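As structure tokens, the structure follows; a few thoughts come after it.
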Protein chains: 2
Amino acid sequence: MDQNSRQELEDKGWKIGSVAEFLELSPEETMLVEIKLALSRSLKERRQALMTQAKLADKIHSSQPRVAKAENGDESVSIELLIRAILATGASPQEIGQVIASVG
Amino acid sequence: MDQNSRQELEDKGWKIGSVAEFLELSPEETMLVEIKLALSRSLKERRQALMTQAKLADKIHSSQPRVAKAENGDESVSIELLIRAILATGASPQEIGQVIASVG
DNA sequence: CTAGAATATATCAGATATGATATAAGTCCA
DNA sequence: TGGACTTATATCATATCTGATATATTCTAG
């Protein structure tokens with residue numbers, strides 16, 4: 001975990017108040033966060049190539065603001081919603097598996 | 001989706017009241033459910049080889065009953081908890097990606 | 001520039017997932 | 001056969017996630 005990753009996580013609001021607190025994330029907790037961020041990035045890439053946030057929101061019976069949060073790695077977004085959204089871009093389970101497997 | 005899968009899903013309580021209702025699951029919704037079930041099965045296999053449900057519950061700061069639900073594909077269990085649990089068995093993101101990629 | 005479209009941020013009430021607890025049911029072997 | 005251990009089921013108050021809405025900001029074409 002380098003300084004850039006740390007900054008990225010803090011920027012996304014991963015309730016990190018101090019370096020010490022950050023370092024207390026276990027490897028498993030860190031992996032979980034990285035999985036979420038990888039899914040966020042994948043979602044944004046795929047969605048941008050295909051449609052607007054509002055259009056995707058409709059497809060998954062959600063709202064444009066929630067899609068925005070999903071794409072920006074907001075901590076309030078569940079992995080479940082991320083996967084629902086990615087599936088709605090036409091991704092296969094294989095592709096989703098790839099994204100997760102690509103994490104550290 | 002064959003008859004066995006359907007029966008499996010109904011057994012797990014995936015709020016399916018009738019065949020018609022079941023068939024109204026979109027391909028994306030079906031994939032999501034199958035991803036969850038695949039993760040459940042993987043969790044159970046891995047955990048059984050290593051430790052007791054109570055031990056795993058401690059590791060993820062959860063409870064034995066919740067681990068039981070996770071392993072039995074209970075609808076109330078989030079993908080997030082499933083992944084947290086699988087990571088706690090020592091699985092890598094690669095292995096989790098494999099499980100998801102193995103779905104349909 | 002600038003209007004319209006897309007995206008981001010803020011707020012919130014309701015829905016869902018959570019860990020805890022109690023306890024039932026199953027498993028195993030002394 | 002029964003007692004320890006493990007897993008399953010039921011209930012619940014609380015925490016977290018949800019979609020909706022309002023609105024601010026950013027982007028893009030003209």
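Because the structure is predicted, anything quoted here is derived from the model rather than measured. Naming convention: chains lettered A, B, ... in sequence-line order (proteins, then strands); numbering from 1 in each chain.
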Counting only side-chain nitrogens and oxygens, does [X] get under 4.0 Å of the OP1 or OP2 atom of [N]?
{"X": "Arg84(A)", "N": "dG19(D)", "result": "yes"}
{"X": "Ser76(B)", "N": "dT16(C)", "result": "no"}
{"X": "Asn72(B)", "N": "dT7(D)", "result": "no"}

[X] side chain to [Y] main-chain N or O, any donor-acceptor pair under 3.5 Å?
{"X": "Asp74(A)", "Y": "Ser76(A)", "result": "yes"}
{"X": "Ser40(B)", "Y": "Glu71(B)", "result": "no"}
{"X": "Arg84(B)", "Y": "Ala88(B)", "result": "no"}
{"X": "Arg47(B)", "Y": "Met51(B)", "result": "yes"}

key: With Glu95(B) via salt bridge (Lys or Arg N to Asp or Glu O under 4.0 Å) - residues at least two apart   = Arg46(B)
Starting at atom [atom1] of [X], determine the distance to atom [atom2] of [N], rounded to an integer number of angstrom.
{"X": "Leu43(A)", "N": "dT7(C)", "atom1": "CG", "atom2": "C1'", "result": "13 Å"}
{"X": "Asp74(A)", "N": "dA10(C)", "atom1": "CG", "atom2": "C1'", "result": "11 Å"}
{"X": "Arg47(B)", "N": "dA8(D)", "atom1": "CZ", "atom2": "C1'", "result": "12 Å"}
{"X": "Glu80(A)", "N": "dG19(D)", "atom1": "CD", "atom2": "C1'", "result": "15 Å"}

Nearest-0.5 Å distance, [atom1] of residue [X] to [atom2] of residue [Y]:
{"X": "Lys69(B)", "Y": "Gln64(B)", "atom1": "NZ", "atom2": "CD", "answer": "10.5 Å"}
{"X": "Thr30(A)", "Y": "Leu25(A)", "atom1": "OG1", "atom2": "CG", "answer": "4.5 Å"}
{"X": "Ile86(A)", "Y": "Ser92(A)", "atom1": "CD1", "atom2": "OG", "answer": "11.0 Å"}

request  = Go through residues 48-60 of chain B and report each residue with a non-hydrogen atom lying under 4.0 Å from DNA chain D, sorted by number.
outcome  = Thr52(B), Gln53(B)
inquiry  = Testing the basics here: between Ser62(B) and Arg66(B), what is the closest heavy-atom pair and its distance to 0.1 Å?
reply    = OG-CB, 3.5 Å
note = Smallest heavy-atom separation, Leu87(A) atom then Leu32(B) atom, equals CD1-N, 4.1 Å
Set of side-chain contact (heavy atoms from CB on, under 4.5 Å) partners for Thr52(B), sequence neighbours left out = Ala54(B), Lys55(B)
task = Apply the test side chain to side chain contact (heavy atoms under 4.5 Å, CB included) to residues Glu80(A) and Glu80(B): give CA-CA distance (whole Å), side-chain angles for both, the deciding distance (0.1 Å), then the verdict.
result = CA-CA 7 Å; Glu80(A) 180 124 358; Glu80(B) 180 123 358; over 6 Å; no
Enumerate the protein-to-nucleotides 20-22 of chain C contacts in which both atoms are nitrogen or oxygen and the separation is below 3.5 Å.
unit_1: dA20(C); atom_1: OP2; unit_2: Ser62(B); atom_2: O; d: 3.3

request  = Report, as a single string ordered 5' to 3', how protein heavy atoms within less than 4.0 Å touch nucleotides 24-30 of chain D: B base, S sugar-phosphate only, - not at all.
outcome  = -------
query = Which angle, rounded to 10°, do you find between the first-five-pair axis and the last-five-pair axis of the helix from dC1(C)-dG30(D) to dA30(C)-dT1(D)?
reply = 50°
task = Begin with the C-alpha distance, continue with both residues' side-chain angles, and end with the deciding distance and a verdict on side chain to side chain contact (heavy atoms under 4.5 Å, CB included) for Ile60(B) and Leu81(B).
result = CA-CA 9 Å; Ile60(B) 61 178; Leu81(B) 183 61; 4.1 Å; yes
